[in-house]
Every structure is written in C-alpha cells, then in structure tokens.
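Since the structure comes first, as structure tokens, the remarks are kept for the end.
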Amino acid sequence: MAFAADILKRITPAATWVWNFTKRAWTDITLQWSWNYLWAIWSVLVILLVYILRTPLKLVENLTAMSVFVSSLTPKFYVALTGTSSLLSGIILIFEWWYFRKYGTSFIEQVSVNHLGPLLGGDETETNTTSNNDNKQKCKVWRNPLNLLRGAEYSRYHWVTGQEPLTYYDMNLSAQDHQTFFTCESDNLRPADNIMQKAWRERNPSSRINAAHLAVAEDADCATGYILLAEEEATTVLEAERLFKKALRSGEMLYRKSQILQHHSAIHEAEHRRDTNVLVYVRRRLSMCARKLGRTKEAVKMMRDLMKEFPLMSVLNIHENLLEALLELQAYPDAQALLCKYDDISLPKSATICYTAALLKARSVCDKFSLEVATKRGLTTAEMSAVEAIHRAVEFNPHVPKYLLEMKKLILPPEHILKRGDSEAIAYAFYHLPLWKNVDGALNLLHCTWEGTFRMIPYPLEKGHLFYPYPNCTENADRELLPNFHYVSVYPKKEWPFFIIFVGCLCSFTAMLAILTHQYPDLMIVLARGISEFLGMLISPVTFLLEKIDGFMPTSIWHVLTRI
C-alpha cells in the first residue's frame, strides 16, 4: 500500500501537468485556426463582392483600357516615373530619419497614433518625459528569495519533462552561497561539519546526498546535513518540512551554545555567525513549506517572528516572502504597511516591491476602469496614481508584464536572479500571477497602460527616468541563469520604426528601377510586359472558374445582385 501511495504521489503531478499543457496547447491551436478561418472567410467575401460588382464598376473595361495605356508608354515615362518616386521616397526617408534621431519615434507613426488613433477609437498617448538619471549600475546576481526545493520541485519537473530547470552557472552560485552561509573556519575540528564542508563543494547531486547521510550518521545534530537532505533528497514538500524540523531542533541547540561563547574569540564569533545563518535559513524555509502546504497564516506568523528576532538578516529578503503570503491572504492593509517600510529610496528596489505597489494602487480603481471612458474624460487622480505606479514598475523591470499578461510562457524560477532582468521577472510572476488575477480588473489596467512607459523614457534608453539607467549586461547574465529551452526576454529597445524601414526599402527599390530603366529601357519594357503576361497567366484559372460559375448561375440572380 505504501508503494502504491508513493507511485500515486508521483503520477498525480505528472498527469496534472500533462493535462494542463495539453489543454493550453489545444486552446492556442483552436484560437489560431479560428483566426485563420475568419481571415479566409473575409477574403472570400471581398473577392465575391468584387466579382458581383464588376459590371456596375466596369472593372473589365477599366482593366482593358489600363493595359492599352501601359503598352503605349515610352521608356522616357518609366525613367521619369521611377526617378520621381525615388526622389520623393528619399526625401521622406531623410525627414523620418532626422525626426527619429531627434525625438526617438517615427513622425508618421506618431501622427497616426496621436490623431488617427482617437478617431478610430484608440487610446491617447502618454505624457512626455521629465528628468534623467545618468548613474551607472553594474549587474549583480542576487539570491532568489522565492526559490523552489531542488528535490521536491525542480527534480520533479525534470522527471516529468526531461528538461533541466537549473543551469550549471546557477547551481554553482548556490554552492558558493552554501559555503559562505553554512561553513566556517573551525569546521575541520568536527567530523560532521568537515564532511559537510566537502559536501557543499561536490558537483554531483548523489555525492552531496551521500555525504549528508554520512554527516548525519556521524552527528545526529548536524543541522546542515538535514538542510541538504531536505533541499535535494526529499521528493515532496511534506518530507522536506519534516527534515527541516529536524534541522531546526539541531540548529536552535547549536545557536544557543554559540551565543554564549561568541565573544570568547574570533573563531567562536565565526561559529555563532554560521549558526545564526543556519537557524534563520531553516526557519525561513519552514515558513515557505507551510505556505506551499496551504498553512498561509502560520507562514505569515513565522515570517513576522523571524523578522523581529533577526532584523539585520535582510540578505535573505524575507519581507518579499511575507508580501507574497499577505497578498495570498488578501490582507491588503497589512501588505501596504509592510510595503511602506521597505519601499524606501535608500533601499535597493526589486520587482516584488515595485509591482506590489502598483497592484495595491491599481486595486482601488481597476474594477471600474474603462479605456474608452478614460480616453474621453481623462484620468482621475486615483487612476493617474495607479498608472504612474505601473509605469514606475515597468521601467524598473520591463519583462514582467508579458508574463503577467500571459503573452510569454512561464517557467520555473532560477535559484538566482538579476535585478531588472528576465530572471527576476520569471521569479516574480511565478508566484504573483494568481495574486494579480485575484484583483478584478488589475490585469486589464496593466494591459492598457504598461506599453506607455516606453514612450515616456528619454531616448536613448541608456538614460533613466525614475531609476538609474538600464544595465546593458542583463541579457548576457540572464542567458547564463536561465535554461536553454527558455527564450530570454530582451529589453524592448526603441528600434527603427516600421515606416522608416518601409520607406528606406521603397527608396532603394525605386532608385534601382530608375537606374535600370535609364540604362536598359528596351529590356525593362520587355521585362514589365513579361511580368504582366505572367500575372495574367496566374489569374486566368480564376477567370475561367468564375466564367463557369457564371454560366451555371441563373442570369436573373446576377442581374438582381448587380442592381443592388
């Protein structure tokens, strides 16, 4: 029975994942096919309408007259036509390039968005930018406060899909963190700690697990051995919680002993610092296990107690775990109070801080927000505050909205993240996407406003608006942190607009035609006539088919339709 229960535990998540993946894939395919069918029906209707109205519009006579006119043209006309077209398109290209270099956007695109968009029911553009910030920030990798359990979550994903969710670079950074957090200089004096000091350096997971078992067998109070087993060997969150509780009992005992002796020497102080790290890490992990098992209120209490007892342990970012748990409980006033404490200008920002602030401000207006109404009457004070908060969050990390709006596929978060990078966006959206869905209209408000941030940021984008300039090294660092099967999101830079590219291609093409027509007029006329004959051959089957259909149809029906 125990074996069957264990097999059932393993099969159920896999079946759930396969069912969800199949359902999402079928939905995507259905939507894609439906749009293709709609476009096909629309094209058929347009062709049918043109065919029905061919007699009132005198299409056949006009095409015949046009073909006669084209065949009677001289080479000088072609030279003049292509030359004039090339000159006009070149002037437009120069003007568009100058306007883009000065203002960072296409003139044609801006006119169509600002003036034609509202007439067609589109939204208004956002306000212009204000100040810049020229400070530079180097890319620094941070420990992900919302990282998963290797054995109970990452390994399960690998077992189901066969894909490695973690990169070697990411796991190597974790090994360095473990050596810094869970070891000290005096570990050589204790056999179990000496074994664990070597275990954290092992690259092979099975070797690390075997070393942890040896350390626990050597010393039943080896807290770091239980930590490694809970992180990497436990196949369920419940089993990991059981091992973390053993680590907690051992860690508390070692912490009390080292606390008494911490001032005796530098070695004792290092041991106490290591025991403090172990105790805080285990208690934080236990709170996360309680959160995963549905005991959210218990997890909130554990996190609050931990932050009160160890206020200086900010390196673990426990407040981000607490924010996520409070939002899950929909305790929005408590989340706002905690956010006011950590959303300070002197503290390093994160996607959790910025987007939680945006969510809390959007919560008061998003349920009644309508883009059409806001376009006509303008934004109220509360709506403007919410939109500014969203713009602030998007400027800090521009990759998050695509994951929250499910425009990009979400994967398991890495163990380390890069602030303002794609890895941080994945780590945030993995837990906070359901929290945004709990607030009615929040994702709709985000969808309507987030793209306006990129029109607000000064050009070039190396300059900042509300934060320091966006680092250029984020893409390379994210590629090392994220697995190969994930398409890394790149900061949406202001690339050449479509109209500049289109006008440039048109200018080049018409200039080439003008030169060829001027040099080889007779050959170009023959080529033009050959192309027209080739197009006529392509259209001839359609014309033949329409004539046959016209022959089968009663004349009265077509007469009535053409009189409409």
Side-chain angles (χ1 to χ4, degrees), residues 20 23-24 27-28 31 35 113 117-118 120-127 146 296 320 322-340 343 349-410 424-457 466 489 492:
N20 293 333
K23 183 170 65 173
R24 180 175 294 181
T27 304
D28 295 341
L31 290 175
W35 279 111
V113 170
L120 299 176
D123 57 338
E124 297 288 340
T125 56
E126 306 297 334
T127 57
L146 301 173
T296 310
E320 297 194 6
L322 181 57
L323 270 176
E324 188 265 334
L326 291 173
L327 292 176
E328 175 66 23
L329 292 174
Q330 297 186 2
Y332 298 113
D334 295 339
Q336 183 64 54
L338 180 65
L339 189 66
C340 292
D343 193 6
K349 296 294 184 295
S350 66
T352 302
I353 296 295
C354 295
Y355 278 89
T356 301
L359 175 61
L360 294 177
K361 288 189 177 181
R363 176 176 163 267
S364 60
V365 298
C366 60
D367 56 339
K368 300 178 181 178
F369 179 79
S370 174
L371 181 60
E372 291 79 8
V373 175
T375 302
K376 294 178 180 178
R377 63 165 170 80
L379 296 175
T380 63
T381 304
E383 290 174 346
M384 183 64 70
S385 177
V387 170
E388 289 177 354
I390 291 176
H391 287 175
R392 172 177 178 263
V394 173
E395 183 181 341
F396 181 83
N397 193 318
H399 311 284
V400 174
K402 287 190 175 182
Y403 292 106
L404 292 180
L405 298 173
E406 298 183 78
M407 300 167 63
K408 201 169 187 297
K409 186 178 179 180
L410 197 61
E424 185 192 27
I426 292 172
Y428 172 79
F430 186 82
Y431 280 101
H432 287 260
L433 175 58
L435 308 180
W436 278 76
K437 290 183 177 180
N438 288 340
V439 180
D440 293 336
L443 291 177
N444 177 49
L445 181 60
L446 177 67
H447 175 71
C448 296
T449 58
W450 74 278
E451 290 182 336
T453 304
F454 306 115
R455 292 194 293 271
M456 294 179 62
I457 301 177
L466 299 173
S489 177

* **Heavy-atom side-chain proximity of Leu339 to Ile353 below 4.5 angstrom** => yes

* **Nearest-0.5 Å distance, NE2 of residue His447 to CE of residue Met407** => 7.5 Å

* To do: Search all heavy atoms of Tyr403 against all heavy atoms of Lys409 and return the closest pair with its distance.
  => CE2-O, 3.4 Å

* Asked: Is there a side-chain contact between Cys354 and Asn397, using heavy atoms and a 4.5 Å cut-off?
  -> no

* Looking at OG1 of Thr449 and CD1 of Ile390, how far apart are the two atoms once the value is rounded to the nearest 0.5 Å? -> 3.5 Å

* Asked: Once you round to the nearest 0.5 Å, how far does CE of Met384 lie from NE2 of His391?
  -> 9.0 Å

* Taking the side chain as every heavy atom from C-beta outward, state whether Glu424 and Phe396 have any pair of such atoms under 4.5 Å apart. => yes

* **Heavy-atom side-chain proximity of Glu320 to Thr356 below 4.5 angstrom** => no

* So which heavy atom on Leu435 is nearest to which on Leu359, and how close? -> O-CD2, 4.3 Å

* Structure fact -> Shortest non-hydrogen pair, Ala382 vs Val365, comes out as CB-CG1, 3.4 Å

* **Minimum heavy-atom distance between Leu445 and Ala386, given as atom pair plus value** => CD2-CB, 4.2 Å

* Would you kindly say whether Thr296 and Glu328 are connected by a side-chain donor-acceptor distance under 3.5 Å? => no

* May I ask you to test the Val439-Tyr332 pair for a side-chain heavy-atom distance under 4.5 Å? => yes

* For the residue pair Leu327 and His432, establish whether any side-chain heavy-atom pair is separated by less than 4.5 Å. => yes

* Asked: Are any of the side-chain heavy atoms of Thr352 and Tyr431 separated by less than 4.5 Å?
  -> no

* Might you point out which heavy atoms bring Trp436 and Tyr355 nearest each other, and give the distance in Å? => CZ2-O, 3.5 Å

* Find out whether Lys402 and Trp450 are in side-chain contact, i.e. whether some heavy atom of one side chain is under 4.5 Å from a heavy atom of the other. => yes

* What closest approach, in Å, do Pro401 and Val394 show between heavy atoms, and which atom pair accounts for it? -> CG-CG2, 3.9 Å

* How far apart are the C-alpha atoms of Arg392 and Lys361, what are their side-chain angles, what is the distance that settles it, and do they pass the side-chain contact (heavy atoms from CB on, under 4.5 Å) test? -> CA-CA 12 Å; Arg392 172 177 178 263; Lys361 288 189 177 181; over 6 Å; no

* With distance as the sole test, does His399 use its side chain to make a donor-acceptor pair with the main-chain N or O of Ile426 at under 3.5 Å? -> no

